[in-house]
Number of protein chains: 2
Amino acid sequence: MRDVARAAGVSAMTVSRALREPARVSPEVRARVEAAVRAVGYVPNRLAGSLSSRRSDVVGLVVPSLENSLFAATVKGISDVLRREGFQLMIADSLYSPEAEEAAIRAFLEQRVAGLILHDTLHTEATARMIRRAGVPVVENGTVPAEPLDMVVSYSNREAAKAMTRHLARLGYRRVALVTLPSAANARSRDRRAGFLDALAELGRPSDPRLLLEMPPGLASGAEALARLTEGAEPPDAIFFAGDVLAAGAVLECQRRGWAVPGKVAIAAFDNVDLLAQLNPPVTTLRLPRGEIGTRSARMLLDRLAGRQSGPAVLDLGFEIIQRAST
Amino acid sequence: MRDVARAAGVSAMTVSRALREPARVSPEVRARVEAAVRAVGYVPNRLAGSLSSRRSDVVGLVVPSLENSLFAATVKGISDVLRREGFQLMIADSLYSPEAEEAAIRAFLEQRVAGLILHDTLHTEATARMIRRAGVPVVENGTVPAEPLDMVVSYSNREAAKAMTRHLARLGYRRVALVTLPSAANARSRDRRAGFLDALAELGRPSDPRLLLEMPPGLASGAEALARLTEGAEPPDAIFFAGDVLAAGAVLECQRRGWAVPGKVAIAAFDNVDLLAQLNPPVTTLRLPRGEIGTRSARMLLDRLAGRQSGPAVLDLGFEIIQRAST
DNA sequence: CTCGTCCTGGTTAGCGTTACCACAAACCGG
DNA sequence: CCGGTTTGTGGTAACGCTAACCAGGACGAG
C-alpha cells in the first residue's frame with residue numbers, strides 16, 4: 001500500500017479511503033490512486049485490514065457431510081448471497097460428530113469469522129460456550145432445537161413427516177412403514193420419526209416396531225430396506241423413506257423384481273431430488289426449501305452483521321407434498 | 001494473549017511458543033500456560049498470527065458449480081487431507097465463467113491464502129498474472145492445460161472418451177453418438193469430444209454431425225437428448241453420454257418408452273455415480289478417480305508449502321472402463 | 001473582515017501476533 | 001573451575017492496515 005501511496009503522491013490513509021469509501025476522496029485523487037493500484041498491481045491484505053478494523057468478511061459453514069448432495073443446494077444458496085455482498089465462505093464438515101464440529105468451529109473462531117452457519121443443532125457444551133464467549137452471530141439449519149444458540153432457519157422435520165404419514169393414510173394405506181437414516185447422531189431423523197409416530201397416534205393406529213427401520217444412506221441401502229420390510233409376515237402396503245435417496249433405491253429394486261408400485265407396495269420419499277420425478281413411477285415426496293434455507297440463513301446473518309436486525313429469530317420455511325404415481 | 005501471559009506469569013512471547021512449539025518450552029511453564037489458556041478461555045487470533053508470520057493455513061478452492069454433486073467427491077478428498085494437516089478450506093464457485101473465477105481468486109489472494117486449487121483450467125489473462133505475482137502454489141484439476149499455471153492433478157478426459165468410444169466399437173456398435181455438456185466454457189467437454197473424434201478417426205469412420213449433441217446438465221436433459229437423437233433418419237445404435245447424469249436420464253426415458261437397452265439403443269456414461277449401477281439395466285461407464293484427485297491435489301499443495309517438493313508437476317491418475325448390461 | 005463549518009487529506013497509535021536478537025542460567029568436557 | 005555451548009525466556013520491532021483525531025483551506029453568514 002505504501003508503494004501505491006508513493007506512486008499516487010498521497011498518504012497511505014488516502015489510499016485506504018479511496019478503496020473503501022471512494023465518496024470521501026476527491027475524484028481527482030481517486031483517479032490517481034486507482035491508476036497507481038493498477039500500475040503497482042496492488043492486492044489489499046484483508047488479514048491486516050480485519051485485524052485493524054476488527055471486522056471480517058468471512059462466514060464459516062459447518063455441514064454434516066460434504067459428499068451428501070442434499071446439502072449442496074443449501075450451500076449454493078448461502079454462497080450466492082455471500083458473493084453478492086462481498087463475503088467469503090469457509091466450509092468444514094462435521095462427519096455427524098459434535099466433537100468434529102467443535103474442532104471446526106474453534107478453527108473458524110481462530111480465523112475470526114464474522115458469523116457461523118451450522119447445519120446441525122446438536123452441539124457439545126464447549127461449543128456453545130465458545131460461541132457465546134466469541135459473541136459471533138450464528139444461524140442453525142437442521143431442525144429447530146430446544147434451546148437455539150441464536151438464529152434458526154429451517155422447516156419442521158416433525159411436521160413434514162407427520163403430514164406425509166397422514167397423506168398416506170388418507171390415500172388408504174393401512175400399514176405404513178418408516179425408514180430413516182441412523183438417528184443416533186442425527187436430530188433430523190429423530191424428528192421425522194417423532195412426526196411419523198405423532199400421525200399414527202392421531203389416527204389411532206398402533207405403531208408396529210417391525211415397520212420402523214434405520215438404514216445408512218445410499219441407493220443400495222434403500223433396496224436393502226425394501227427387501228427386509230417385505231419379507232416378513234405382515235408386510236407394509238406403503239413405505240415412507242424419510243432420508244437421502246433411499247426411496248429411489250427402493251423403486252429401482254422394485255423394477256428389478258418386477259413389482260408394481262404402488263400395486264405391490266407404495267413408496268414415498270422425503271426430499272425432492274430430481275431423480276424421484278424421473279423414476280418409473282415418479283415418486284411422491286416433499287418439496288423442501290433447501291435452497292431458500294441457504295439464502296435466508298445467509299441474509300439473516302448479514303442483516304445481523306449490518307445491524308439491520310437484532311434479536312434471535314426462528315424462521316420456519318414450510319414444505320409441500322408432491323403427490324405422484326408411486327402412491 | 002496478554003491476559004494469558006499475565007495469568008501464567010510469563011511473557012506473551014512464551015505463551016506464543018508454548019502453543020506453537022511446546023517442545024521449546026519447559027514442561028512446567030507449558031503446564032502453567034495451558035492452564036491459563038483454559039482459565040481465560042483464550043482463542044488465538046490467526047489473523048494476527050498470519051499477518052506477522054506471513055504464513056497462512058487457509059487454502060482456496062474454486063469449483064465450477066457447488067450444486068453439481070460430481071465435484072463433491074473431490075471437495076471431500078481435499079477437505080479430508082486439509083483437516084488432518086490443520087488447514088482450512090475456503091470455497092467459491094465460478095459458475096463456469098472465467099471472469100467469476102478471477103473475482104473469486106482475487107478475493108482469495110486478498111485473504112492471503114496459502115495456496116489455490118482450481119477445478120477449471122481456462123483462466124483470464126489477469127488471473128494468470130495475479131497468481132504469478134502473488135507467488136502462491138496452485139493445483140489445477142479439470143483437464144491437463146496446454147500451459148499449466150503450476151501443478152496439475154487430473155485424468156485425461158480425451159483418453160477416457162477415446163477409450164470408451166473404442167470400447168463401444170469393439171462391442172460391435174456401428175453408429176455411435178456423443179452427447180456432451182455445452183463446450184463453450186468447458187474444456188473438459190471439448191477434450192471429451194476430441195477423444196471421441198480421435199477414436200472415430202482411428203477406426204476410419206466418418207464423423208456424422210447429426211451424432212454430436214450438446215446438452216445442459218440434468219436428468220431431463222438426458223431424456224431430451226435421447227429423443228432428439230433417435231427421431232432422425234439414421235438413428236445411432238449406441239449413445240455415449242459424456243457428462244453429468246445425462247445417461248441416467250436417457251435410461252429412465254427408455255424405460256418410459258418401453259425400449260430395450262441395449263436392444264433398441266445402447267447407452268454408455270462417463271462418470272461412476274452410483275445411480276448408474278442401480279438402474280435397469282445398469283449402465284456401462286468409466287470409473288474416474290474423483291476422490292483421489294482431491295486428496296492428491298491437497299497433498300501436493302501441502303507438500304509444496306512444506307518445501308517437500310519443488311517444481312511444477314503433472315499427475316495423471318488414469319481411469320477404468322466398467323462394462324455393464326446397457327451396452 | 002472575521003468566525004464557524006465543511007471538506008479533504010495527513011498523523012499517530014494501535015490491532016494481536018511472531019521474527020529476531022539479547023541475555024541469564026544451566027551444563028559440560030578438559 | 002573456566003571458556004563455550006546449549007536451553008529457556010524476554011524485549012522490541014515489525015506485519016499491513018484502519019480508527020480516531022487533527023490541520024488547513026474554501027466558503028458562506030453575520
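All values below were derived from every heavy atom in this structure, side-chain atoms included, with hydrogens, water molecules and symmetry-related copies excluded. Chain identifiers are assigned alphabetically (A, B, ...) following the order of the sequence lines, protein sequences preceding nucleic acid strands; residue numbering begins at 1 within each chain.
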Inset, instruction - Please name all residues satisfying salt bridge (Lys or Arg N to Asp or Glu O under 4.0 Å) with A:D93, sequence neighbours left out, ordered by chain then number. - result: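 Partners of A:D93 under the salt bridge (Lys or Arg N to Asp or Glu O under 4.0 Å) test: B:K76, B:R83.
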Legend entry - Spacing between B:R24 atom CZ and C:dT18 atom P, to the nearest angstrom: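 The answer, rounded to whole Å, is 14 Å.
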Inset, instruction - Find the distance B:L19:CG to D:dT9:P and express it as a whole number of Å. - result: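 These atoms are roughly 14 Å apart.
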Inset, instruction - Decide yes or no for A:L118 and A:E101: does some side-chain heavy atom of the first lie under 4.5 Å from some side-chain heavy atom of the second? - result: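 The answer is yes; the side chains approach within 4.5 Å.
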Is [Y] paired with [X] through a side-chain N to carboxylate O contact shorter than 4.0 Å?
X	Y	value
A:E102	A:R106	yes
A:R17	A:E21	no
A:D191	A:R188	no

Could you pull out the closest heavy-atom pair between [X] and [Y], with the gap in Å?
X	Y	result
B:A114	B:F87	CB-CE2, 4.4 Å
B:N141	B:V153	ND2-O, 3.0 Å
B:V138	B:L301	N-CD1, 4.2 Å

Inset, instruction - Any chance you could list the contact pattern along nucleotides 10-19 of chain D? Use B for base contacts, S for sugar-phosphate-only contacts and - for none, protein heavy atoms under 4.0 Å, 5' to 3'. - result: BB--BBBBBB
Inset, instruction - Starting from the first five and the last five pairs of the helix from C:dC1-D:dG30 to C:dG30-D:dC1, work out the angle between the resulting helix axes, to 10 degrees. - result: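 The end-segment axes of the helix from C:dC1-D:dG30 to C:dG30-D:dC1 are tilted 30° relative to each other.
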